[in-house]
Amino acid sequence: MSKTPQAIRGTQDIFGAEAEAFAHVVATFERIRKLYRFRRAEMPVFEKTEVFSRSLGETTDVVSKEMYSFEDRGGDSLTLRPEFTAGIARAFLTDGWQQHVPLKLATHGPLFRYERPQKGRYRQFHQIDAELIGSAEPQADVELLTMADHLLQELGIADGVTLQLNTLGDAESREAWRVALVEHFSEHRADLSEDSQDRLDRNPFRILDSKDSRDRTLVDDAPRIDSFLSAEARDFFGAVTSGLDAAGVAWVRNQSLVRGLDYYRHTAFEFVTDRLGAQGTVLGGGRYDGLMESLGGAPTPAVGWAAGIERLAMLLDMQDEDAADCILVVEDDALMAPAIAALRRIRTAGLSADLLASGSPRKRYDKAVKSGARTILALSMRGSAPDYRMKGDAADLSRLEDALGDMFKARSDMGTDMGADLSAASGTA
RNA sequence: GCGAUCGUAGCUCAGUUGGUUAGAGCGCCGGUUUGUGGUACCGGAGGUCGGGGGUUCAAGACCCCUCGAUCGCCCCA
């Protein structure tokens, strides 16, 4: 006997009620994206490493440490997708999707990041994703955010979740803001936390969402993006916010909401909850007008978001799996064949059904009752004659009887017709 | 990569300042009762107490190492 291998760290086996919640998120997303006329796309789960390293900017831990990369037999470096956007951009460019612009796309599936697992964070995780490619209009941002808001409402989790919104401005605004931030924080470098002193060199924007209390007052005094916005960038953001107001989407301004990657412009947003510990972002995205160029394409404006299916599922009111419409209890093994025939009929009629025919015959019925099934059909032998009983409320029983048709007569007929019906059923089984 | 907490039956967990054959509930299997039924009762299977080393007359408990999990930090596309 060999030892059972264990699952890879950070992967999960999803089962039962949790799997139902997961499926519910995906099904709801599919329904909503059709309402908003987003078209479905499927991309490979792995790409040339280049696809991600170029779009992410070669920099940072993200590329060097947090991707699942490997060499294939031909020596090419491949990577399991850590996000959807880069692969979608690659497909957009290599498959000629420019002809569909402006293109609304939706997809979902597994993603992989080499990280330490914690609440709502896994190495293989799953996201739903929506992108709107080829539109530089603020209306595109509004469309996308309205769909996200609508989705959260349909999932019934909108109440505990708030939309935080910010603008990073256009390229010039953003750069001017960055310079001002570096200047500000450099003056108080010694007062910053160690982590933020490090961020000052690597990624100064990230100081703004530092969790360290020592950084708080310095962040409060830091220069705001609003002071650096060009007139165009200000108008763009104004159009987005007024569009959201018109669509009835509630939002709050979060001046500290930033993006780590260079290709982000203008709108950045996150739907945040306080119910998931440190991993409170439930859906996030923004405008990435600079991405296509990094993959060698023509400048193409785009905006998108993604949301973790696991996190959304955790926020759902966990409901148990549905009880069966009918449980068929075989209390005597001699009646297996007619039971199987009846089971097929019940299911063909659209009722969910299960067969209970193992273990102690005396306890089979009790198990059926315990399962919470809407109806129970029990088959047993009374002397040498087959006998059956049904349990359930009148409406459910009537559906069951319709499903069974003439297979079992009404109980009052049992003495005369029952035996013939059962043998006929077993003969055709 | 770093930190904290935790690993005892299939699941949820007890297990006293270290003390003799390691327990309960649920689940599973079988039986008794009931006899038309979600009851109650009896019994059974199932544990090298995550793994390895150490301290001790004696370790599930204490110490070290290791593996794993959870939560957090870093990072967050």
Side-chain angles (χ1 to χ4, degrees), chain A residues 1 3-13 15-16 47 51-68 79-89 111-123 125 127 129 131 193-199 202-203 205-207 209-213 257-264 268 270 276-281 284-286 288 290-291 294 304-308 311 323 327 329 331 358-373 376-380 382 387-392 411:
Chain A
M1 271 247 277
K3 203 176 157 190
T4 305
Q6 41 201 355
I8 305 299
R9 179 197 294 271
T11 63
Q12 36 175 354
D13 303 305
F15 169 75
E47 298 271 359
V51 169
F52 305 111
S53 60
R54 283 173 60 180
S55 68
L56 295 172
E58 301 283 359
T59 59
T60 66
D61 296 355
V62 167
V63 167
S64 56
K65 294 186 170 181
E66 303 191 11
M67 299 201 307
Y68 268 96
T79 294
L80 300 179
R81 63 184 180 195
E83 59 159 356
F84 282 114
T85 308
I88 289 172
L111 302 170
F112 305 84
R113 297 180 185 176
Y114 196 91
E115 303 185 285
R116 198 96 181 182
Q118 51 186 289
K119 189 177 185 66
R121 259 186 118 165
Y122 307 95
R123 286 186 174 181
F125 58 106
Q127 287 187 339
D129 181 279
E131 313 279 345
S193 65
E194 296 79 8
D195 283 335
S196 284
Q197 292 184 25
D198 202 35
R199 292 183 181 112
R202 280 192 356 264
N203 195 350
F205 287 120
R206 282 292 170 199
I207 300 176
D209 55 15
S210 167
K211 289 166 183 163
D212 197 305
S213 59
L257 182 59
V258 291
R259 290 279 101 108
L261 301 178
D262 291 340
Y263 57 67
Y264 281 100
E270 293 183 1
L276 291 177
Q279 307 301 325
T281 299
Y288 52 93
L291 174 60
S294 69
W305 58 251
R311 290 189 194 175
I327 298 280
V329 181
E331 295 191 87
S358 65
S360 168
R362 312 185 86 154
K363 289 182 178 170
R364 292 176 190 179
Y365 190 90
D366 288 345
K367 270 193 206 172
V369 173
K370 239 187 196 177
S371 78
I376 295 171
L377 172 59
L379 302 181
S380 60
R382 172 167 295 198
D387 184 25
Y388 77 101
R389 282 177 299 277
M390 291 190 214
K391 179 186 165 74
R411 187 162 188 187

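Numbered from 1 within each chain, the chains take letters A, B, ... in sequence-line order. In this text the structure is predicted, and so the values were computed from the model without any measurement.
Rounded to whole Å, the distance from CZ on A:Phe205 to P on B:C76 is 13 Å. Distance CG (A:Leu56) to C1' (B:C76): 11 Å, rounded to an integer number of Å. Atoms CZ (A:Phe15) and P (B:G10) sit 17 Å apart, rounded to a whole Å. In this structure, CG of A:Asp198 is placed 17 Å from P of B:C2, rounded to the nearest angstrom.
Nucleotides B:G46 and B:G10, compared at atom C1', are 8 Å apart to the nearest Å. Comparing B:U39 with B:C13, their C1' atoms sit 26 Å apart, to the nearest whole Å. B:G60 and B:A9 have their P atoms separated by 15 Å, given to the nearest Å. Taking atom P in both B:G30 and B:A45, the straight-line distance is 15 Å, to the nearest Å. Nucleotides B:G25 and B:U21 are separated by 23 Å at their C1' atoms, to the nearest Å. The same atom, P, is picked in B:U12 and in B:G7; the two are 12 Å apart, to the nearest Å. Comparing the same atom, P, in B:A22 and in B:G47 gives a spacing of 13 Å after rounding to whole Å. Of the C1' atoms belonging to B:G68 and B:U8, the separation is 15 Å, rounded to the nearest Å.
Note that CD of A:Glu66 and CZ of A:Arg116 are 12.5 Å apart. Values are rounded to the nearest 0.5 Å. A:Arg9 contributes atom CZ, which lies 7.5 Å from atom OH of A:Tyr114 (distance to the nearest 0.5 angstrom). Here OG of A:Ser380 is found 4.5 Å from CG of A:Asp387. Values are rounded to the nearest 0.5 Å.
Minimum heavy-atom separation, A:Gly87 to A:Val51: N-CG1, 4.2 Å. The nearest pair of heavy atoms linking A:Ala378 to A:Glu331 is CB-OE2, 3.6 Å. Contact detail for A:Tyr365 and A:Val329: the closest heavy-atom pair is N-CG1, 3.8 Å. Of all the heavy atoms in A:Gly372 and A:Ala323, the pair that sits closest is O-CB, 3.3 Å. The heavy-atom pair separating A:Ala86 from A:Ser55 by the smallest distance is CB-OG, 3.4 Å.
For A:Asp209, the side chain to side chain contact (heavy atoms under 4.5 Å, CB included) partners two or more places apart in sequence, or in a different chain, are A:Arg206, A:Val258. By the side chain to side chain contact (heavy atoms under 4.5 Å, CB included) test, A:Phe125 pairs with A:Leu111, A:Arg113, A:Tyr122, A:Gln127, A:Glu310, sequence neighbours left out.
Between A:Arg259 and A:Phe205, the closest side-chain pair of non-hydrogen atoms is not below 4.5 Å. A:Leu291 is listed as a side-chain neighbour of A:Thr85, based on a closest heavy-atom distance under 4.5 Å. In this structure, the side chains of A:Gln12 and A:Pro117 stay at 4.5 Å or more apart for every pair of heavy atoms.
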Distances for protein N or O near nucleotides 68-74 of chain B N or O, under 3.5 Å:
residue: B:A69; atom: OP2; partner: A:Arg9; partner atom: NH1; Å: 3.2
residue: B:C71; atom: OP2; partner: A:Lys119; partner atom: N; Å: 3.2
residue: B:G72; atom: OP1; partner: A:Ala278; partner atom: N; Å: 2.8
residue: B:G72; atom: OP2; partner: A:Lys119; partner atom: N; Å: 3.2
residue: B:C73; atom: OP1; partner: A:Lys211; partner atom: NZ; Å: 2.8
residue: B:C74; atom: OP1; partner: A:Arg199; partner atom: NH2; Å: 3.0
residue: B:C74; atom: N4; partner: A:Gln118; partner atom: NE2; Å: 3.3
residue: B:C74; atom: N4; partner: A:Arg121; partner atom: NH1; Å: 3.2

Could you list, one pair per line, each protein nitrogen or oxygen that sits under 3.5 Å from a nitrogen or oxygen of nucleotides 49-51 of chain B, together with the distance?
none

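Pairing analysis of RNA chain B (Watson-Crick: purine N1 to pyrimidine N3 plus N6-O4 or O6-N4; G-U wobble: N1-O2 and O6-N3; both under 3.5 Å) yields stems of 3 or more pairs at B:1-7 with B:67-73, B:10-13 with B:23-26, B:28-32 with B:40-44, B:50-54 with B:62-66.
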- Message: Applying side chain to side chain contact (heavy atoms under 4.5 Å, CB included) to A:Thr281 and A:Arg311, what does each step give before you reach the verdict?
- Response: CA-CA 9 Å; A:Thr281 299; A:Arg311 290 189 194 175; 4.2 Å; yes
- Heavy-atom contacts, protein to nucleotides 37-45 of chain B, under 4.0 Å, summarised as B (base), S (sugar-phosphate only) or - (none) per nt, yield BB-------
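Nucleic acid contact for A:Tyr264: sugar-phosphate only, since backbone atoms but no base atoms lie under 4.0 Å from a heavy atom of the residue.
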